[in-house]
Amino acid sequence: MLTLDDVTVAKGTFRLQANIAVPPGMTAVIGPSGGGKSTLLSAIAGFEPAVSGRIKWGDVDLSEQAPGQRPVTMLFQDNNLFPHLTTAQNVGLALAPRLKLSQPQLMRVEAALEDVGLPGLGGRKPSALSGGQIGRAALARSLLSDRPVVLLDEAFAALGPALRAEMLALVRDRMAQQGRTVIMVTHDPDDARNFADYVIFVAEGIAHPPQKARAFFTDPSPAAQSYLG
Ligand code: ADP
Ligand code: MG
């Protein structure tokens with residue numbers, strides 16, 4: 001279980017507070033723009049230090065760990081691939097950070113590319129891929145990574161509704177249902193309705209505890225209701 005015990009994150013003058021436990025499965029993070037959703041994910045990933053409180057994975061305190069040491073893989077909306085590496089090399093980073101891939105590892109890379117609908121495109125540089133294909137390749141890398149916490153910050157926002165739904169279904173089937181803790185920020189409440197087990201509502205610098213998605217939408221708090229409209 002991922003827990004944030006009385007965590008405060010500072011980003012300039014902005015403060016985000018979180019006292020939450022995130023269960024395995026698919027958790028959506030929704031709320032108004034500027035409320036602190038990205039700050040929450042950055043704190044879990046270690047890009048923004050917590051100025052107080054502790055972030056823990058099970059009994060392990062992550063607070064002092066650098067981003068690369070944490071059991072976390074994160075996908076952003078842009079810039080998820082290194083432009084100088086081929087698509088296969090970008091995906092292979094999940095298996096071998098120095099890119100010395102064994103034959104079986106190369107086959108796993110190709111299988112992951114097939115999984116996301118990019119069979120045979122491993123030799124291309126990202127500049128020869130569409131935006132949607134880049135998103136899929138980045139997802140393939142996360143699928144191969146064995147890190148148990150997966151953070152998606154509007155990772156598929158550029159894809160359009162149909163492709164985004166396809167990617168989120170893939171994330172749910174390959175990651176959340178296999179026990180990984182997937183936390184996805186989305187600006188579309190329907191993504192949360194359709195794919196999430198839990199919802200964390202973030203507004204005005206507060207990350208509210210996860211609620212079962214169904215309960216969140218059938219009986220929203222006044223603040224969530226005013227956001228949902
Ligand atoms: P969200 O992802 O919910 O839209 P963010 O976590 O990105 O919100 O931002 C939360 C708040 O932090 C915003 O209101 C913004 O004013 C502030 N903020 C974002 N980036 C910075 C920054 N680099 N320096 C100072 N304040 C920032
Ligand atoms: Mg954001």
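Position 1 is the first residue of the sequence, and the numbers go up from there. Every number for a ligand or one of its atoms is a count from 1 in the order of the listing.
By the 3.5 Å distance cut-off applied to N or O atoms, G36 is counted among the residues near ligand 1. Of the N or O atoms in T13, none lie within a sub-3.5 Å distance of an N or O in ligand 1. The shortest N/O to N/O separation between G34 and ligand 1 falls below 3.5 Å.
You'll find the side chain of T87 stays beyond 4.5 Å of the side chain of L121, heavy atoms only. By the 4.5 Å heavy-atom criterion applied to side chains, D115 and R174 are counted as neighbours.
Side-chain contact of S63 with D61: a donor-acceptor pair under 3.5 Å is present, judged by distance alone.
Scanning all protein heavy atoms for the shortest distance to atom 9 (O) of ligand 1 gives T39 OG1, 3.9 Å. The closest protein non-hydrogen atom to atom 26 (N) of ligand 1 is K11 O, 3.4 Å.
At a distance under 4.0 Å, a protein heavy atom can be found next to atom 7 (O) of ligand 1. Remark: atom 16 (O) of ligand 1 lies closer than 4.0 Å to no protein heavy atom. Protein heavy atoms are found inside the 4.0 Å sphere centred on atom 13 (C) of ligand 1.
When all heavy atoms of P210 and A21 are compared, the pair lying nearest together is CG-O, 3.2 Å. Between R136 and L118, the shortest heavy-atom distance links the atoms CB-CD1, 3.8 Å.
Counting backbone and side-chain atoms alike, S38 contributes an N/O/S atom closer than 2.8 Å to the Mg ion (ligand 2).
With values rounded to the nearest 0.5 angstrom, F76 atom CZ is found 7.5 Å from D153 atom CG. In this structure, CZ on R141 lies 11.0 Å from CG on L95, to the nearest 0.5 angstrom.
Within the 4.0 Å heavy-atom cutoff, P32 counts among the residues contacting ligand 1.
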